[in-house]
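Worksheet: the structure to be examined is printed underneath.
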Amino acid sequence: GDADKTLFMFWMVTSWARFYLGDLKSALFYYEKCWHSKDLKGAFVYSVPYFFLGALTALDGWKSTGRRRYWRIFLKMHRELKKWAQRGNPNTIHVVKMMDAELLAVRRKSTPNEIKRAYDKAIALAS
């Protein structure tokens, strides 16, 4: 109910604050609470940043712990944002491109120039 939504929003906003302050361990802690909460039906105004920052937090969790669960969360959120972009949501295109660049960087199959171009493209789309 409303209490679940309020708690979810508290965890989400707290995780964002921790993420932006560079406290990725705490961000991961609060995102874990979001990921374990009941699925909220429908979209909300913060859906795109929730998925984007959640994916980046999961990616950092995967890099720092090696837990495949975090890798799967990153890929799931990336897929969801790609679907929204394909459906024409203009608020997701640059986010998907940024996540694509992150994938290039972590998979280490691309040259540094290719990775830089991918980040540059994402930044240009966000401008």
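Heavy-atom minimum distance, Ala101 versus Ile115: O-CG2, 4.4 Å. The two residues Ile123 and Ser127 have their closest heavy-atom pair at O-OG, 3.0 Å. When all heavy atoms are compared, the tightest approach of Leu104 to Ser110 is CD2-OG, 3.1 Å.
No donor-acceptor contact under 3.5 angstrom links the side chains of Trp35 and Tyr70, judged on distance only.
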TODO: Start with the C-alpha gap between Phe74 and Trp71, add the side-chain angles, then the distance that decides, and say whether ring pair (Phe, Tyr, Trp, His ring centres under 6.0 Å) holds.
DONE: CA-CA 5 Å; Phe74 171 80; Trp71 178 248; 5.8 Å; yes

TODO: Step by step, work out the side-chain contact (heavy atoms from CB on, under 4.5 Å) result for Lys82 and Arg79.
DONE: CA-CA 5 Å; Lys82 279 178 110 168; Arg79 274 192 306 272; 5.5 Å; no

Open item on the list: Run Phe8 and Met12 through side-chain contact (heavy atoms from CB on, under 4.5 Å) and show every step you take.
Closed with: CA-CA 6 Å; Phe8 176 88; Met12 181 184 69; 4.2 Å; yes

- [ ] Tell me, with the steps shown, if Arg69 and Glu32 meet salt bridge (charged side-chain N to carboxylate O under 4.0 Å, His left out).
- [x] CA-CA 11 Å; Arg69 177 178 180 279; Glu32 283 283 352; 3.1 Å; yes

TODO: For Val48 and Trp84, run side-chain contact (heavy atoms from CB on, under 4.5 Å): C-alpha distance rounded to whole Å, both residues' side-chain angles, the deciding distance at 0.1 Å, then the answer.
DONE: CA-CA 9 Å; Val48 174; Trp84 295 347; 4.1 Å; yes

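Residue Ile93 holds its CD1 atom at 9.0 Å from NZ of Lys97, rounded to the nearest 0.5 Å. The line from NZ of Lys116 to OG1 of Thr111 is 11.5 Å long, rounded to the nearest 0.5 Å. From His94, atom NE2 reaches atom CG of Leu125 across 8.5 Å, with rounding to the nearest 0.5 Å. How far CZ of Phe19 is from CG of Leu24: 6.0 Å, rounded to the nearest 0.5 Å. The CE atom of Met99 sits 8.0 Å away from atom CE of Met77, with the distance rounded to the nearest 0.5 Å. Note that CD1 of Ile73 and CZ of Arg67 are 8.5 Å apart. Values are rounded to the nearest 0.5 Å.
Side-chain atoms of Thr14 and Lys33, non-hydrogen and from C-beta on, never get closer than 4.5 Å to each other. Side chains of Tyr119 and Met98 form a contact here, defined as non-hydrogen atoms less than 4.5 Å apart. Side-chain contact between His78 and Asp100 is present, with heavy atoms from C-beta onward closer than 4.5 Å. In this structure the side chain of Trp16 never reaches within 4.5 angstrom of the side chain of Tyr30, judged on heavy atoms. Put simply, the side chain of Leu103 reaches to within 4.5 Å of the side chain of Leu75, judged on heavy atoms. The shortest distance between side-chain heavy atoms of Asp60 and Leu28 does not fall below 4.5 Å. At a threshold of 4.5 Å between non-hydrogen side-chain atoms, the residues Tyr20 and Leu53 count as touching. The shortest distance between side-chain heavy atoms of Thr92 and Phe51 does not fall below 4.5 Å.
Ion pair Arg107/Glu102 not flagged as a salt bridge, since none of the NZ, NE, NH1 or NH2 atoms sits closer than 4.0 Å to an Asp/Glu carboxylate oxygen.
By the rule that hydrophobic residues join a cluster once side-chain heavy atoms approach within less than 4.5 Å of another member, Phe29 and Phe10 end up as members of one cluster.
Relative ring orientation between Tyr50 and Tyr31 is described as tilted, the plane-to-plane angle lying within the 30° to 60° band.
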